[in-house]
Amino acid sequence: MRQYQELQQLFNKPQKVVITTHHKPDADALGSSLALAGYLVKKGHSVKVITPSDYPRFLFWMKGNEDVLIFDKNLATNAATYINEADIICCLDFNAYSRINELGDIVKSSKALKVLIDHHLEPEPFADYTYWDGKAAATAELVYDLIEDLNDLSLIDIPMAECIYAGIMTDTGSFRFPSTTKRVHLIIAQLIDIGVNNSKIHRNIYDSNTENRLRFIGFALSKKLVILKEYCLAYFAITNSELQEFNSQTGDTEGLVNYALSLEGVTMAAVIIERPDMVKLSLRSSGNFSVRDFASDHFEGGGHKNASGGKSHLSLLETEKKFLSLLPQYKTYLNQDYNNEINNAKN
Ligand code: 5GP
Ligand code: MN
């Protein structure tokens, strides 16, 4: 549902706007938020972007990064003041209050009108206005679409275009997931026309590894990768002390799951990580197997059919055991996708 006419009405006079996005924002979460912020400021609104947690250093180049308010439990009043005084709260790249942690209760109790701009499946019905499409490749694509619907494409400047580019690039796995439609490529072409240096953005995001991160990936690949051919599955289970050993920073485990999915014959990949407050799961699949359903049925999670996440309050070992105990019931489906792939390749 894309309520752009209603949103046009809503934004036709200056408003106090808060933009927020999901816990541990990725390039789409932060990029779509900052691009929308850039647009709304140009339209005369006063805007504050508030994130529920910190985010990776490789996103700091985005214009507006220095003005982002990172929610901190100990300084909560600052964020609460913005949220309570806002006329409108835009919720980008998430669809349930649980995804913004402690900010959830503050946003929920604010009298501000809530606008959801998102592409995750099965949104919770908390928003007053919705600009949602589960088929969109990225929330950044939806921000572009919304600006186009509002006849304001000429307001997209290079910094906004860079943020949109980064969101689409990362959420499509650098333009290779099935969500990469012709329209995605056309939007990207427009962004390059505006002046985006696409190669610079790839370098900023993918070629900014620290030595620790690269060595951690090497360690995980050589010592931690588990391959279960009978389930067409590969996964990593990483302890907190292993993260500490490599001085792991926010964002350092991002992308690890894709190495497991890149294995021939693998239709589901997982990274199970011990975090201080919970165990976090990151899931990927190729083909028809829905890791969104798997995450929401068993690990309080959600996301997309081929990319999802969830959590567990059991220990790492118990979570891994639970994960493994679920596999037999999915064996046929996991193998089916692999057999389909082989048959498609033969045809
Ligand atoms: P990632 O594995 O990159 O953290 O997340 C993959 C996708 O699943 C993203 O679209 C992310 O927003 C979503 N996701 C990750 N963790 C959770 C979770 O705990 N709950 C829900 N609902 N979605 C999640
Ligand atoms: Mn996204």
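No experiment lies behind these values; they were computed from the predicted model shown. Excluded from the calculations below are hydrogen atoms, water molecules and symmetry mates; all remaining heavy atoms, backbone and side chain alike, are included. As the structure lists them, so they are numbered: ligands from 1, and atoms in each ligand from 1.
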J.: Looking at Lys63, I want to see if its NZ is surrounded by more than 12 non-hydrogen atoms of other residues, nucleotides or ligands under 6.0 Å.
T.: no

J.: Give a yes or no on whether the ring-centroid distance for Tyr330 and Tyr231 is below 6.0 angstrom.
T.: no

J.: For the residue pair Phe299 and Phe294, does the interplanar ring angle fall in the parallel (under 30°), tilted (30 to 60°) or perpendicular (over 60°) class?
T.: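 Judged by the thresholds at 30° and 60°, the geometry between Phe299 and Phe294 is tilted.
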
J.: Atom 9 (C) of ligand 1: which protein heavy atom is closest, and how many Å away?
T.: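 Here the closest protein heavy atom is His120 NE2, 3.7 Å.
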
J.: Enumerate the atoms of ligand 1 whose separation from the nearest heavy atom of Gly301 is less than 4.0 angstrom.
T.: 20 (N), 21 (C), 22 (N)

J.: Taking atom 14 (N) of ligand 1 as the point of reference, which of Arg284, Glu254, Arg99 owns the nearest heavy atom?
T.: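 Result: the heavy atom closest to atom 14 (N) of ligand 1 is in Arg99.
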
J.: I need the single residue from Asn65, Thr21, Thr250 that forms a side-chain hydrogen bond (donor to acceptor under 3.5 Å, both in side chains) with Tyr55. Which is it?
T.: Asn65

J.: In the protein, what heavy atom is nearest to atom 7 (C) of ligand 1, and what distance, to one decimal place, separates them?
T.: Ala307 O, 3.6 Å

J.: Which option, Gly310, Ala138, Ser308, owns the non-hydrogen atom nearest atom 5 (O) of ligand 1?
T.: Ser308

J.: Please state whether Lys280 comes within less than 4.0 angstrom of ligand 1, counting heavy atoms only.
T.: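 Lys280: in contact with ligand 1 (<4.0 Å).
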
J.: Just need the protein heavy atom nearest to atom 23 (N) of ligand 1, so name the residue and atom and give the distance.
T.: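 Among all protein heavy atoms, the one nearest atom 23 (N) of ligand 1 is Gly302 O, 3.2 Å.
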
J.: Need the ligand 1 atom indices (1-based, order shown) with element for anything under 4.0 Å from a heavy-atom of Gly309.
T.: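 With Gly309 as reference, the close atoms of ligand 1 come out as 8 (O), 14 (N), 15 (C), 16 (N), 17 (C), 18 (C), 19 (O), 20 (N), 24 (C).
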
J.: Take every heavy atom of Ala96, measure it against each atom of ligand 1, and state whether any distance is under 4.0 Å.
T.: no

J.: Return the closest protein heavy atom for atom 2 (O) of ligand 1 as residue, atom name and distance.
T.: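 The answer is Ser282 OG, 2.3 Å.
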
J.: If you draw the axis of the six-membered ring of Phe289, does the NZ or CZ of Lys305 fall within 45° of it and under 6.0 Å from the ring centre?
T.: no

J.: Return the name of the atom in Asp93, of element N, O or S, nearest to the Mn ion (ligand 2).
T.: OD1

J.: Please report the closest heavy-atom contact between Ala295 and Gly309, naming both atoms and the distance.
T.: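 Heavy atoms only, the tightest pair is CB-O, 3.4 Å.
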
J.: The Mn ion (ligand 2) as vertex, arms to OD2 of Asp171 and OD2 of Asp28: angle to 10°?
T.: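 Answer comes to 90°, rounded to 10°.
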
J.: Is there an N/O/S atom in His119 at a distance below 2.8 Å from the Mn ion (ligand 2)?
T.: yes

J.: Phe11 and His45: aromatic ring centres closer than 6.0 Å?
T.: yes

J.: Under 4.0 Å from a heavy atom of His304: give me the atoms of ligand 1 that qualify, with their elements.
T.: 10 (O)

J.: Could you check, using the six-membered ring where one of them is a Trp, whether Phe236 and Tyr259 have ring centers closer than 6.0 angstrom?
T.: no

J.: Quick one: sort the His119 and His304 rings into parallel, tilted or perpendicular, breaks at 30° and 60°.
T.: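 It falls in the tilted class, 30° to 60°.
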
